[in-house]
Each structure stands twice: as structure tokens, then as C-alpha cells.
Undergrad: 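Input: one structure, supplied below.
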Number of protein chains: 2
Amino acid sequence: MVNKKVVARLSSYRTALLRFHELGFVKVFSDTLAEAVGATSAQVRKDFSLFGISGNKKGGYQTDILIEKLQSLLGKDRVQPVIVVGIGNIGTALLKYRGFEDEGIRIVAGFDLDPAKINRKLKVPVLPADEMQDFIREQRVTIGIIAVPDAAAQAVCDTLVAAGIRGILNFAPIVLRAEEGVVVNNVNLQNELENVIYFVNTLAKQIKGK
Amino acid sequence: MVNKKVVARLSSYRTALLRFHELGFVKVFSDTLAEAVGATSAQVRKDFSLFGISGNKKGGYQTDILIEKLQSLLGKDRVQPVIVVGIGNIGTALLKYRGFEDEGIRIVAGFDLDPAKINRKLKVPVLPADEMQDFIREQRVTIGIIAVPDAAAQAVCDTLVAAGIRGILNFAPIVLRAEEGVVVNNVNLQNELENVIYFVNTLAKQIKGK
DNA sequence: GGATTATTGTGATAAATTTCACTAAAAACC
DNA sequence: GGTTTTTAGTGAAATTTATCACAATAATCC
């Protein structure tokens, strides 16, 4: 069954494959790829099998074809417009990050309540929050990133969904409630850091899972 | 068995509990907490049981005591000094984020190769990369955040570990190799966003897992 | 062209994680 | 003080996820 973890591995395979391709690898084997992403070769093959991707007995997978298939699965064959709500520290980092452009992701605008943050002249403009819904509808944006304080996150989520957003990457440390059919993925950087601290303090070796 | 996922839930329980405490909740029940973090009540109890945390039949858990125990488990009873390597977009966001201070995490310095980024006058100074090892040793820092380009990440990792770093939060999209006993936690924001895009494109409802 | 080798694809198995469902105990009620 | 109610704690069961191990097959070698 396709779940978050498998899709995350798909992304990792793709990233690794782009490197291999750059290095001139015409074909790649499941165990090479496995090593590159920290998985087992059987898992790589099982994952591919799940998405109907097949290779060649003895010949491995042809790098460019494989990349092509992953691109398609991950929605890279068209540019995905994304907005960022909350132009604080993380929001700003995401707005400024130029690497997304090469990856089929275009941050098209940021939104904030604070008038001091508004700037329409930027390559990626920062607009007032009250223009957000119209913008989403007009530009047909379906993906949003929430990077506002936790107290505001649910309201922002509701507004986004009402305007047509179907997928949310949420950095606020709360569980967002959204109607069926809306994808919510939570990232909590403080939790991630606390995880490291926990395992360092308990002298564990490698973090299991993820 | 204690794994990354359980510890992540521990962090989430703690965050939710702080809110409950602020709202004046003296005690809290497993299903209240479960709802707040998007888990089941049985899971909350199992998790607590794993860490030897117990409540009261019918009475739930006393909020302040529970918070105290989680604080201790997550290393909040002493301030954890952390350094950030790579003062790009994410690195800058982490350096500037003031919220860590209240959470027992102190970003004590940033490091970068680019002389233009160096600034010793800041509240959190940004120092040249070649001062990093001495700094780590002198300040006895054990946790590091890697926010450098992927090509540089492994070298930074090696340097950090050689200087005494025991835990790494890695934002570079590669698998870091580190000796046994060094904790590595990988966060890949592009993957997280691609995950949302995938599930939106395949019309899925809620992301399973995580 | 037959034998050998390397690698995929996958059913079976194992391991990990979560949920179920029930017991026990404490509190509240009458 | 007994009865009822509520919730923790936890073995057992179910589900999910990952690994194993081997058959099938294509390339290579001799």
C-alpha cells in the first residue's frame, strides 16, 4: 500500500538518481540505489514494483528512464505552484530558496498579516493575507505551506481549504483538522531536534525508523 | 522498543500538555491528549507505559507532573547547546528563531565558509568554519545542525564528529555516514513537499503513517 | 550454444507497530 | 458502604512494514 514512507523513499531515490545520472551512470542497480538512500535492495525493488516500475534482469534499471518515471509519479512533469503563509523565519527561508525552481516547485507568493512584511516587488511577492483567497482562486494554487504561529494555524488552514487548497505542508506544532480529501503533512523542526537530543542523551546509536 | 516515532510523539505530547497547562488543566486524560496529537488513547497509554510514566485510574494524569517527566526525558532539565553549520536559508532561519530559548535549546553559534556571512557581533555569532572544531571542544557542544549543500555535508559531518559532536540534525539530501554511537536524524523539506504533491495528485485523503 | 553469473521480481516470513478489548482500581454517587 | 462509572494499564490480536530467500531470466563467458 502506498503510504507516506514509500513516497518519501521515492523522492530520495529520485534525488540519488539525479546524482548518479550527473556522474554518467547509464544504468543503476537496486543495491547501488539502496546504499545511496540507506535502504535495502529488496526494499528498492519492492517499492518500484508497487508503482509498476520494472528493470531488467541482470541489467538493473536504466537511469534516465527510471528518473523519468519518478518525475512523473512525483508530479514533476508540470510546475507545481505553491504559496507560503507566514513570513517568519521558516517562511522566509522557503521563499528565498532557489533550489525548488529546478525541481518543478514554484513558490509563487508569500502571505502575511504584518504590513511591514508586504513587498510586491520581490521576485516572489509577499502579499497581505486578505488577498490570499482571491490569489489562490485566480492562480489555481492547490498546495500551501503553513508557517504561522500555532494559534493561527487552524484558521489559516480553514481559509486555504475554503479557497481551494488541497494539500498543506504544516510547520505549526498542532494537528490541523481538514475535511476529507485534503492532504496534510506535518513537519515539526523542534521535534526533530528533540529527537536527536533524546537519543544522544540515552547513548543510542542510529535512529531507527523514519 | 524506543524508536524515533515514539520519541516524536513524546515531543508532541509535551507541546500539547504545555497548552493544556496554560489553559489551566490540572489533569489530563489519555484520550484528551490523544485527540490533541492525532493518536489513539491506547497509544498514549502504551507510550507512557514504555517510559514508566503512570497515571491514576479514573483520575488521568496530573498535568504538571506529566510535563515534568517529559521534560526530563527530552533533556529539558538542562540547556542543550547546539551549533548550526551552513548559514544559508534554513541555517539563518534556525539561528534567528527565538522560540528555542524557551524550550531548553540554545543555538550558540553558526558557522560558514563564506567570509561575507561571518559576524561575531550577533546575539548568536556566525563564525568562520575553521574555528568550528575548537569551538565545539571548548564549549563542549554535542549537537549540530547541518544545513550546507549536499556536496559538503559528509565532510562537515566528519569534522563535527571528530570534534566531539554526538548528534546531528541533517537538512542535506544525502545519507550521512557516521561512526556507531553518533545519532543522525535527516530532515528533507523538499521530500516533505513532494509528499504532499504526490498525495494531492493521486487524490488521496489523509497521509497515513508518519 | 551451453554453462555461468548477476540481478530482478516476488511469495513467504519475520519484525515492528498499532489497535482491541478486557481487567483492575479509584472516584463518584446514592 | 455498596454500586456504578470512569479511566489507566496491558496482554492478545491485527495490521503494517520490512526482510529473506529463491525462482526466473537476461547477459556474459568460454
Side-chain angles (χ1 to χ4, degrees), chain A residues 1-13 16-17 20 25-63 65-66 69-70 175 195 199 204-210, chain B residues 1-13 16-17 20 25-67 69-70 175 195 199 204-210:
Chain A
M1 192 236 174
V2 180
N3 58 28
K4 187 175 141 66
K5 268 169 118 173
V6 188
V7 177
R9 284 199 299 270
L10 243 43
S11 285
S12 298
Y13 297 149
L17 280 164
F20 284 131
F25 284 51
V26 173
K27 58 186 186 181
V28 69
F29 303 112
S30 57
D31 61 346
T32 321
L33 203 44
E35 220 220 328
V37 307
T40 64
S41 64
Q43 183 154 62
V44 171
R45 296 194 300 271
K46 265 274 161 74
D47 287 346
F48 287 171
S49 158
L50 185 60
F51 293 96
I53 295 173
S54 60
N56 314 296
K57 296 276 161 79
K58 185 138 187 183
Y61 302 83
Q62 211 175 318
T63 313
I65 293 177
L66 188 48
K69 290 193 172 154
L70 292 174
V175 174
N195 231 297
F199 285 103
K205 22 187 180 184
Q206 184 80 7
I207 293 187
K208 287 202 62 176
K210 172 85 184 186
Chain B
M1 193 235 176
V2 180
N3 58 29
K4 188 176 141 63
K5 266 168 120 174
V6 188
V7 177
R9 284 199 299 268
L10 243 43
S11 285
S12 298
Y13 296 148
L17 281 164
F20 285 131
F25 284 52
V26 173
K27 59 186 186 180
V28 70
F29 304 111
S30 58
D31 61 346
T32 321
L33 204 44
E35 220 220 326
V37 307
T40 65
S41 63
Q43 182 154 63
V44 171
R45 297 194 299 271
K46 265 272 160 75
D47 286 346
F48 287 170
S49 158
L50 184 60
F51 292 96
I53 295 173
S54 60
N56 314 296
K57 295 275 162 78
K58 184 137 188 182
Y61 302 84
Q62 211 175 317
T63 314
D64 52 358
I65 293 177
L66 188 47
I67 290 174
K69 289 191 173 156
L70 292 174
V175 173
N195 230 297
F199 285 104
K205 20 185 181 183
Q206 185 80 5
I207 293 187
K208 288 201 61 176
K210 169 83 185 195

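Letters A, B, ... mirror the listed sequences (proteins, then strands); counts begin at 1.
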Undergrad: Just wondering, more than 12 heavy atoms not from A:Q43 lying within 6.0 Å of its CD?
TA: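 Counting other residues, nucleotides and ligands, CD of A:Q43 exceeds 12 neighbours.
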Undergrad: What closest approach, in Å, do B:L33 and B:A16 show between heavy atoms, and which atom pair accounts for it?
TA: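 Closest pair (atom of B:L33, atom of B:A16, distance): CD1-CB, 4.1 Å.
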Undergrad: Between the protein and nucleotides 12-14 of chain D, list every N/O to N/O distance that falls short of 3.5 Å.
TA:
residue : atom : partner : partner atom : Å
D:dA12  : N6   : B:K46   : NZ           : 3.3

Undergrad: In terms of side-chain heavy atoms, does A:D47 have a donor or acceptor partner in A:Y13 at a distance below 3.5 Å?
TA: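 Note: A:D47 and A:Y13 side chains meet the donor-acceptor criterion.
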Undergrad: How many Å lie between CD on B:Q62 and P on C:dA26, as a whole number?
TA: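 Rounding to the nearest Å, CD of B:Q62 and P of C:dA26 are 16 Å apart.
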Undergrad: Can you tell me the distance, in whole Å, between the CE atom of B:M1 and the P atom of C:dA15?
TA: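 So the CE-P distance, B:M1 to C:dA15, works out to 14 Å.
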Undergrad: What's the shortest heavy-atom distance between A:G59 and A:K27, and which atoms?
TA: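 Residues A:G59 and A:K27, closest heavy atoms: O-CD, 3.3 Å.
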Undergrad: Find the distance B:F48:CZ to C:dT18:P and express it as a whole number of Å.
TA: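 It is 15 Å, rounded to the nearest whole Å.
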Undergrad: Within this structure, what is the NZ-to-P distance between B:K5 and C:dA16, rounded to whole angstrom?
TA: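 Rounding to the nearest Å, NZ of B:K5 and P of C:dA16 are 13 Å apart.
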Undergrad: Would you indicate what B:S41 reaches in the nucleic acid, counting non-hydrogen atoms under 4.0 angstrom: base, sugar-phosphate, or nothing?
TA: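 No contact.
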Undergrad: Keeping the roles fixed (side chain from A:T63, backbone from A:V26), state whether a donor-acceptor pair exists under 3.5 Å.
TA: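 Yes: the side chain of A:T63 pairs with the backbone of A:V26.
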Undergrad: Do any side-chain nitrogens or oxygens of B:S49 fall under 4.0 Å of OP1 or OP2 in D:dT10?
TA: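 Result: yes.
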Undergrad: Tell me the closest heavy-atom pair linking B:L70 and B:L17, and the distance in Å.
TA: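 Taking every non-hydrogen atom into account, CD1-CD1, 3.4 Å.
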Undergrad: Measure across A:A34 and A:S41 and return the closest heavy-atom pair with its distance rounded to 0.1 Å.
TA: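 Looks like CB-N, 3.5 Å.
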Undergrad: Would you mind reading off the distance between A:K4 atom NZ and D:dT17 atom P, rounded to a whole angstrom?
TA: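 Computing the A:K4:NZ to D:dT17:P distance gives 13 Å.
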Undergrad: Between B:F48 and B:Y61, what is the ring plane arrangement, given parallel below 30°, perpendicular above 60°, and tilted in between?
TA: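 Geometry flag for B:Y61 against B:F48: perpendicular rings.
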Undergrad: For A:Q43 and C:dT10, give me the distance from atom CD to atom P, rounded to whole Å.
TA: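 So the two atoms are 16 Å apart, to the nearest Å.
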Undergrad: Checking side-chain contact (heavy atoms from CB on, under 4.5 Å) between A:K5 and each of A:V2, A:V7, A:N3, which is the one that passes?
TA: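 By the side-chain contact (heavy atoms from CB on, under 4.5 Å) criterion, A:K5 pairs with just one of A:V2, A:V7, A:N3: A:N3.
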Undergrad: Detail all sub-3.5 Å separations between protein N/O atoms and N/O atoms belonging to nucleotides 1-7 of chain D.
TA:
residue : atom : partner : partner atom : Å
D:dT5   : O2   : B:K58   : NZ           : 3.0
D:dT6   : O4'  : B:K58   : NZ           : 3.3

Undergrad: Return the value, rounded to whole Å, for the distance between atom NZ of B:K27 and atom P of C:dA26.
TA: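 Between P of C:dA26 and NZ of B:K27: 14 Å.
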